[in-house]
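A short write-up of the structure that comes next.
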Amino acid sequence: MSYSPSDIESKWQTIWNEKGAFEPLDDKSLDKKYILSMFPFPSGRLHMGHVRNYAIGDAMARYYRKQNYNVLHPIGWDAFGMPAENAAIKHGRHPKDWTYSNIDYMRKELNTLGLSFSSKREFATCDELYTKWEQEFIIKMFEEQLLYRESTTVNWCEDCHTVLANEQVEEGCCWRCDNEVELKEMPGYYLDIKKYADELLDDLKLLEGKWPSQVLAMQSNWIGKSQGLEFSFKFSDDSKAKLANKFEGFEVFTTRPDTVYGVTYTALAPEHPIVKALIKNELLDADIAEKITAMGNLSEVERAKADKEGYDLGLTVIHPLTGEETPVWTANFVLASYGGGAVMSVPTHDERDFEFATKYDLPLKYVIEGGEEGSAYTGEGALMNSAVFTGLSNVEAKAAIINHFEEQHLGKGTTNYKLRNWGISRQRYWGAPIPFVHCDACGLVAEKVENLPIALPEDVEITGEGNPLENHPTWSKCACPKCGADATRETDTLDTFVQSSWYQFRYATHPDKWNACGIDKEDVNYWLGVDQYIGGIEHAILHLLYARFFTKALRDLGFIDDLKEPFENLLTQGMVLMDGAKMSKSKGNTVDPDALIAKYGADTARLFTLFAAPPQKELEWNDSAVEGAFRFLKKLYDRKSKVITNSMPTIDHASLDKEEKLARAKVYDALKKSVDVYEKTFAFNTLIAACMEALNALDKQNNEQVWSEGLYIITHLLEPIVPHVCAELSEELFASENLAGKIELLEEVFVQDTITLGVAVNGKRRAEIEVDAGAQKEDIIAMAKESIAKWLEDVTVVKEIVVPNKMVNIVVK
RNA sequence: GCGGAUGUGGUGAAAUUGGUAUACACGCCAGACUUAGGAUCUGGUGCUUCACGGCGUGGAGGUUCGAGUCCUCUCAUCCGCACCA
């Protein structure tokens, strides 16, 4: 019978499902592997990116299962989020209904791929049982002051009608819909991720060599730690009076305390309270006040693009060291959200300050040697014009000046981070409700844990206008958990990244315990860290930083025991491209996995995605190459007619002819390679190539035993990649015996009678010789010389190098 | 600007880590079987030259008997961050 993937695949999928073949065992004494591919958003259909992601993870899971590891390989659904609501607006379907029916469809799609997921551990993050425990964590975080509510300027996406975290703003636009983000002042809930900034940064070291260096670098830059000096400028008496004695001065942060003697002005962000006070009390010209307000209202992108702009505020401050009076400006490039929104300006040693000072004709004072007049010098050098510090190298001066500030109680050495706290409020319906209550008497009160989950109301109308939770007639009305008075429920819901920050612990928790607890410590102790995490590079910052933070926070809250990092090893898979561009519906360059499977079968889809490129690289789609993958499987299946024994034969290697020996060597080459590929490099493309070579070599001989052994090993090696066809062949030919445990490597097959050596003259390959395996060096050299006689005329041989089993190099003059 | 990568045939990509560059596959060319084939099989295929040969891993140097691999410089492309004081 010829290769019929649809028959084979449905047969095996049924067998696996009936057996529950992929459930992890409860025995914690077993060696374990936790293989996790990032869970999908249930958008409705799988795309090729999913196929690739899950083919990679499945190959690893099946490999380790075969090595007798206890393998946890779960799948679930990242099920909250905006698309469900958009679908509701567009098609009038309830988000819950839409989400769960998408999940049902996609679960079937995953099943047709033959992925070895544990089905008992599957959940959707919109399950109320998941929400329940998440709300408990949120309340605990509030109690431990890790979560707070605050009104600040936030990123607002008008299209999505919601607030975005800083990480979710890409080039000033919404990460999801690409709409330009506006700034808006509103209250919201924040997680104090900055409390963990140092730990998040330091622990990146633990991941070196295990995570892609690019991801580590991105996280490190995002945290953006910098050390410097914080000190305050006091207003002159005149200025203080002008501000009605409401302000003494303001704090600045600098990483260049060594240039403090070069300060010729200071600059405040347009949103700085002092600037606001000046405007409010009409202490600035009306037109200037208007321009400053306009500067402050620009979005971050617009501001980044704008030329430097600023205005003299008519105030002066006293330099803490020199006593000089310097002017205070406001400038559009000073960020309100960093370092207190105020800077000391040293135009001679900072490019930005220089540009600004040049534009507004502000004075320059050089304090570090080495620069040229008329430009900013940011390099190293000795200090000048810096009182007692003159002459010190600027590197030494940094410490000395910080020291001086501290001794005089004028300021202190301090650390700043670019990282900002994580805003988790979303003004949406389809999310986990934030479990707090607003009470007139008690203020903000956490819901009682026994009342959890605070579930979403189902009788809502999704129109896209406003927040359905707010519009609901009764849902937000409740009793204050503390005093019992009438109170109002919070209508914001949690950012969906909260759900994906702890799902790795939920999978690890035995499903029998899911009602009793959110996370089971012992289960987590056994299964975590995730031995291999696989997902897209697009989550390099957002998800991976949040999940790392959550791990540390849950540990400190006592929900898990000491665990530093959730994801021990990370593989970031490349994108799937078509004609050099990312596959997307809008470009119309997608390949539908269902159609692909219908035409060629899941094994071909899996084989192609793993063969065409190493997993870390981008994968260029190629229909002909898919055809090629199919041809290989067909050929493999067809060769079952060559097998006569029904188990691993014992072969007398010495009695074989050359082609038979070569075939065996190729088969065992592939076996040898497989360990490295499955455990270290994940270069499945090279393992598949090695199996193709082995099959090609088998085709060149006709020894039945060699054929049996060859297919025994090849189907063993390829089973994690193309499980259905290998299961079928293994069952038919070897009673599936070759799919359990390891196959021993036989070194004898690598021993050859004769060896082909390249012969080079001065490193340049000129000929090839075949020598006996045990040939003496002198004989080899003699043969080599003979083979290249024509290059040896009229020259002197100065050196003869024999590289065992490889080549001979004759050096001549 | 800062940070991280990547440059190898017509294409996707290999190279046991300093030892015969281009494995494997796609494509292409030729042939076989065919009434026919976008099916299957066999052979060929880095560039250049009639040939001997010459040249070849982005480019230029260097180390070495020997470099895709190590070192220095340089160019190009991709990704991330981006006025963070």
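Every chain is numbered from 1, with letters handed out A, B, ... down the list of sequences.
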Tell me whether the side-chain N/O atoms of [X] come closer than 4.0 Å to OP1 or OP2 in [N].
X      : N     : value
A:R631 : B:C26 : yes
A:T686 : B:C24 : no
A:K617 : B:G12 : no
A:S624 : B:A25 : no
A:N805 : B:U20 : no
A:N622 : B:U11 : no

Which nucleotide in the set [options] lies at the smallest distance from any side-chain heavy atom of [X]?
X      : options             : result
A:F611 : B:G66, B:G80, B:G12 : B:G12
A:A613 : B:A13, B:G4, B:C81  : B:A13
A:M692 : B:A14, B:C24, B:G19 : B:C24
A:S213 : B:A21, B:U40, B:G4  : B:G4

Inset, instruction - Tell me what A:A269 touches on the nucleic acid: a base, only sugar-phosphate, or nothing, going by heavy atoms under 4.0 Å. - result: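 A:A269: no heavy atom of the nucleic acid under 4.0 Å.
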
Inset, instruction - Please measure how far the C1' atom in B:C50 lies from the corresponding atom in B:U35, and state the result in whole Å. - result: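 The answer is 42 Å between these two C1' atoms.
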
Legend entry - Rounded distance in Å between the C1' positions of B:C70 and B:G31: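 One C1' to the other, the span is 47 Å.
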
Inset, instruction - Return yes if the base of B:C81 and the side-chain atoms of A:K418 contain a donor-acceptor N/O pair under 3.5 Å, otherwise no. - result: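 Flag unset: no donor-acceptor pair detected.
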
